[in-house]
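Here's the structure, in structure tokens; my notes come after.
Order of appearance sets the numbers: ligands from 1, and atoms from 1 within every ligand. Throughout, residue positions are numbered sequentially from 1 according to the sequence presented.
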Amino acid sequence: MRNLLSLLVSLMLLGGAAGHLAAQTATPVISYNTQFHPTLARRGMVVSQDKHASEAGLEILRMGGNAIDAAVATGFALAVTHPQAGNLGGGGFMLIYLKSEDRVIALDYREMAPRAASRDMFLNAGGDVDNRRARFSMQSSGVPGTVMGLTDAQAKYGALPLSAVMAPAVRLADEGFIMNWALSASLSRYRERLGADPVSLKQYFKADGSPYQQGELFQQPDLAKTLTEIAAKGAAGFYQGWVADRIVETMKSSDGLIRHEDLLNYVAKERDAISGTFRDYSVVAMPPPSSGGVHVVQMLNVLEGWDLKSLGHNSASYIHRLTESMKYAYADRSKYLGDPDFFKVPITALTDKGYAGTIRGKIKLDAATPSTDIAPAPELPDESKDTTHFSTMDAAGNMVSNTYTLNFSYGNGRTVAGAGFLLNNEMDDFSAKPGTPNGFGLIGGVANAIEPGKRPLSSMTPVLLFKDGQPVMATGSPGGSTIITAVLQTVLNVMEFDMNAATATARPRIHHQWFPDRLILEPGHSVDTRLLLAAMGHSVSAVASYNEGERVLGATMTIIRRPDGLIAGSADPRRPGAYAAAY
Ligand code: GLY
């Protein structure tokens with residue numbers, strides 16, 4: 001009844017909209033809600049945080065595009081329809097599996113610190129971190145990598161022309177789309193931050209400054225011009241020419257550091273993926289400057305030494321083992337992880353099964369070890385809020401797992417004048433001062449100190465799973481510091497507990513990140529479990545509130561290729577608007 005009412009209201013509001021939107025207005029508003037039930041398909045699937053974006057990817061699959069084309073179409077569409085994290089002004093990571101070559105490509109398009117950045121740039125006169133400057137000033141922006149990443153992936157591994165792949169995004173920006181509840185509510189929540197920047201105010205709010213309501217048409221003409229330029233010229237349409245001029249002008253209008261030279265020097269990098277195993281699965285994940293891949297594999301190595309299944313999913317004994325593994329991983333993260341181009345990250349040692357055995361040996365099975373008693377390994381064996389994820393898969397078995405971000409929701413809240421896109425505040429992911437927590441409470445050290453040209457450490461964790469040499473699963477999540485643990489639990493739910501995509505997504509999650517010494521439980525864990533964990537010495541906390549004030553841990557977008565060849569997927573129900581589109 002309520003949905004019917006919403007539909008009628010939106011149809012009334014749209015009474016004057018142009019004819020080409022008639023088809024959209026006929027779509028019931030209920031379909032903008034999370035489509036959580038498992039979707040089954042034969043030929044292809046796209047799962048993302050937004051229905052328009054998933055359908056943009058699906059449109060490209062139907063045209064004969066492959067999973068990479070679909071991912072690029074989805075990435076550009078999210079920049080239009082999910083400005084909380086979908087972006088042109090941010091960066092991210094893409095894992096691509098090419099079935100015909102049986103090869104994984106790990107594409108790093110993380111932002112880079114501009115040339116004028118320096119180690120102590122966010123310290124005030126007293127030597128403390130000025131969080132406002134690190135998070136909301138123009139200096140908080142790193143050189144954006146998304147456009148280079150998406151266009152590189154498309155040029156090398158896509159099958160269709162870029163202009164075709166970007167057509168849905170251009171259309172969504174130019175013709176507009178019907179505002180859904182999720183975006184309308186989010187823009188209202190962030191009215192103050194976005195309203196502080198006159199360009200963002202004009203871009204995301206009505207002429208009178210009020211938020212668009214669910215069911216209203218939302219158009220972004222400046223963004224459409226930028227997308228059209230990129231569609232015609234590729235990355236040069238962003239890193240050179242008038243869009244680059246607008247970025248530099250916007251930087252200079254405040255205290256921003258990005259200049260033409262920084263934009264021209266930006267490169268996306270193909271890196272060696274992190275590989276691990278868990279029982280008879282192969283786990284392939286993103287390497288540094290993502291910390292996610294290293295630590296998911298590290299924790300899986302620790303956990304593999306116990307028969308988790310016999311403990312029971314989400315039993316206190318299982319959660320205890322998960323939690324203790326997380327503490328050791330996040331302690332090591334604080335010391336050993338950074339941009340591998342600037343700091344030698346001991347990947348092999350951290351992902352070594354022997355090292356995991358050492359950690360396992362320290363874990364008491366009946367009592368929590370306080371975080372103050374856990375430190376990053378003094379030495380390792382020698383070397384021998386907001387982000388969004390989408391996954392795609394095609395009939396041939398190609399897969400893409402992509403996580404990208406502006407860092408916080410809407411980044412630093414500043415829009416590039418005349419070009420219509422938001423800037424990131426990814427510089428806050430560096431350690432502005434060793435030992436001082438960043439916006440996600442994460443502690444870092446010299447490995448992640450600010451240096452010109454360096455990429456800040458990330459928690460984004462796109463993952464691919466394989467079994468018997470065959471592609472099995474693509475997944476990943478937003479959630480800042482909680483990304484790594486959300487992805488860990490999702491892959492364990494599939495690999496250890498044999499859950500399908502929907503169940504693996506929906507089961508309640510936990511999170512611990514070493515410091516603060518706090519075990520966070522989502523709703524859905526029993527009171528008995530909570531009491532047992534507290535009795536073991538865990539400091540059990542209320543559920544998380546990292547994600548735009550919602551009480552959730554992560555929002556995974558998962559696709560599984562089943563043994564019978566069917567493709568099954570699930571958008572996470574934790575955040576409204578997510579959608580699995582398939583055919
Ligand atoms: N900006 C959050 C992350 O990259 O982990």
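- With rounding to the nearest 0.5 angstrom, the CG atom of Leu422 is 5.0 Å from the OG atom of Ser200.
- For the residue pair Ser477/His389, the side-chain donor-acceptor check at 3.5 Å is not satisfied.
- In terms of polar-atom proximity, defined here as any N/O pair under 3.5 Å, Ser459 does make such a contact with ligand 1.
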CA sep, side-chain torsions, deciding dist, call: Asn402, Tyr109, side-chain hydrogen bond (donor to acceptor under 3.5 Å, both in side chains): CA-CA 11 Å; Asn402 187 97; Tyr109 59 93; 2.8 Å; yes
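- Considering backbone and side-chain atoms alike, Thr405 places every N or O at 3.5 Å or more from each N or O of ligand 1.
- With a 4.0 Å cut-off on non-hydrogen atoms, Asp429 touches ligand 1 through its side chain and not its backbone.
- Interface atoms of ligand 1 facing Arg110, defined by a heavy-atom separation under 4.0 Å, are 4 (O).
- Taking CD of Glu451 as the start and CG of Asp339 as the end, the distance is 8.5 Å to the nearest 0.5 Å.
- Under 4.0 Å from ligand 1, not a single heavy atom of Arg455 appears.
- For ligand 1, the atoms lying closer than 4.0 Å to a non-hydrogen atom of Met460 are 4 (O), 5 (O).
- Counted by atom type alone, Asp517 and Ser539 present zero donor-acceptor pairs between their side chains at under 3.5 Å.
- Counting only heavy atoms from C-beta outward, the side chains of Asn412 and Ser137 never approach each other to under 4.5 Å.
- Taking a cut-off of under 4.0 Å to the non-hydrogen atoms of Asn407, the atoms of ligand 1 that pass are 1 (N), 2 (C).
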